There are 2 protein chains.
Amino acid sequence: MVQEPDADRVAATRDRLVTPEEATRLAELFRLLGDPTRARLMYALLEAGELCVCDLADAVEVTDTAVSHALRLLRTAGIVASRRAGRMIYYRLADAHVRMLLDLSREHLKETG
Amino acid sequence: MVQEPDADRVAATRDRLVTPEEATRLAELFRLLGDPTRARLMYALLEAGELCVCDLADAVEVTDTAVSHALRLLRTAGIVASRRAGRMIYYRLADAHVRMLLDLSREHLKETG
DNA sequence: ACAACACCTGAAGAGCTATTCATATGTGCA
DNA sequence: TGCACATATGAATAGCTCTTCAGGTGTTGT
C-alpha cells in the first residue's frame, strides 16, 4: 500500500473522527447489545417498560443467574436502571436514546431483510 | 425463584417480544459495531462518506489486513457497501438507518457522559 | 430468630474473536 | 508479458466472553 488517493480528506477524516477513546466507548455500548441474551433482555424491557429479574428470566427463557450477570453489565454501563421493591428489583431502560436505538435497529432489520 | 409477580404481563411480553431469531439477528448487528476497530471504520465512513481500504487503514491506524477482515464482516452483514474503482475498492455505509444508528449512539454518549 | 425467597457474585471452563503472518487474487502500467 | 500495487483470504494463536456451579447478601413473613 503505497498510494494515498486523497491524502487531505483522509487527514481531515482522521482528525475530525471520533477519537480512539470515544470509539472504544461507543463500541462498548454496541458490544453490550451484541449478545442475544442481553439483546432480548433489552427488547423485553422496551416492550414491558419495567420487569424484575425473575420476570426477565422467564420472558427470555434463561437462567436467573445468567440474567443477573447480564444485567450487571448493562447496569454498570448505565444502559438500564434498577429500583428495589421488597425482595425484588425492577429494571428499566435508562434513557430515551437507548429506546430509540432499539427501535431504529428493528427498523433496519425490517427494511433490509 | 418461585413467585411470578405479574404473570399475565410476562406472558404477553414473551409473546409480543422479538423472537429469539430476530433477537439473534439484532444482536449480530450490534455485535459487529461492538468492536473498536470496526466502530472506528464505521464512523470514518460516516464522516468521509466513502473511503478505500488503504484510506481506512490510514484513518483508523490499523493494518490493512485487519481492515480487510473487518470490512468483510461488515460487508457480509450488509452494513457497508463497496464499489471498485481500478485497483481500489471504495466502501460506504449501506443505508440511512445505519447512519442514524451511529449518530444516535454518539448522542447517547454525549448526554450520559 | 429462622426459613424461604429474590437476587448477586466469584471462579472456572468451553467456545468464540481479533489480530497477525503468509499467500493468493485481481487490476493497471510499461 | 511482467511487475507493482490494492485488496482478499486462510490458518493459527492469544485473549476475551458467556454460561454454569457453588455459595453469598439482603428482605419478607411467621
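All values reported here derive from a predicted model rather than from experimental measurement. Letters go in sequence order (proteins before strands), and every chain restarts at 1. Reckoned from all heavy atoms, side chains included, excluding hydrogens, waters and symmetry mates.
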Between [atom1] on residue [X] and [atom2] on residue [Y], distance to nearest 0.5 Å:
| X | Y | atom1 | atom2 | result |
| --- | --- | --- | --- | --- |
| A/L33 | A/L102 | CG | CG | 6.5 Å |
| A/R106 | B/L26 | CZ | CG | 7.5 Å |
| B/L56 | B/Y91 | CG | OH | 9.0 Å |
| B/M100 | B/S105 | CE | OG | 11.5 Å |

**Q.** Pairwise 5' ranking along DNA chain D for B/S82 and A/A66, keeping only the more 5' one
**A.**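 Looking at the nearest nucleotide for each, B/S82 comes out on the 5' side.
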
How many whole angstroms separate atom [atom1] of [X] from atom [atom2] of [N]?
| X | N | atom1 | atom2 | answer |
| --- | --- | --- | --- | --- |
| B/L74 | C/dA18 | CG | P | 10 Å |
| A/L32 | D/dC18 | CG | P | 8 Å |
| A/D35 | C/dC16 | CG | P | 13 Å |
| A/M88 | C/dC7 | CE | C1' | 11 Å |
| A/D64 | D/dG24 | CG | C1' | 14 Å |
| B/R40 | C/dT19 | CZ | P | 11 Å |
| A/L71 | C/dC8 | CG | C1' | 11 Å |
| A/L56 | C/dA6 | CG | P | 14 Å |

Does a nitrogen or oxygen in the side chain of [X] sit under 4.0 Å from OP1 or OP2 of [N]?
| X | N | result |
| --- | --- | --- |
| A/Y91 | C/dC8 | yes |
| A/T37 | D/dT19 | yes |
| B/T63 | C/dT20 | yes |
| B/R75 | D/dA8 | yes |

Q. When B/V80 is tested against each of B/D95, B/L45, B/L32 for side chain to side chain contact (heavy atoms under 4.5 Å, CB included), which residue passes?
A.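 Running side chain to side chain contact (heavy atoms under 4.5 Å, CB included) over B/D95, B/L45, B/L32 with B/V80 returns exactly one hit, B/L45.
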
Q | Sole residue of A/T37, A/L41, A/V60, A/D55 in side chain to side chain contact (heavy atoms under 4.5 Å, CB included) with A/V67 | A |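 Among the candidates, only A/L41 passes.
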
Q: Determine, for B/E28 against B/R25, whether the closest basic-nitrogen to carboxylate-oxygen distance falls under 4.0 angstrom.
A: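 Salt bridge between B/E28 and B/R25, a charged N being under 4.0 Å from a carboxylate O: no.
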
Give me, pair by pair, the N or O atoms of the protein and of nucleotides 13-16 of chain D that are less than 3.5 Å apart, along with how far apart they are.
none

Q.
Which label fits B/F30 and A/F30: parallel for a plane angle under 30°, tilted from 30 to 60°, or perpendicular past 60°?
A.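 Because their plane-to-plane angle is under 30°, the rings of B/F30 and A/F30 count as parallel.
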
(Q) How close do A/R38 and A/A70 get, counting heavy atoms only, and between which atoms? (A)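 Shortest heavy-atom separation between A/R38 and A/A70 comes out as CG-CB, 3.8 Å.
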
So which protein N/O to nucleotides 21-30 of chain C N/O distances come out below 3.5 Å?
unit_1 : atom_1 : unit_2 : atom_2 : d
C/dG28 : O4'    : B/R87  : NE     : 3.4

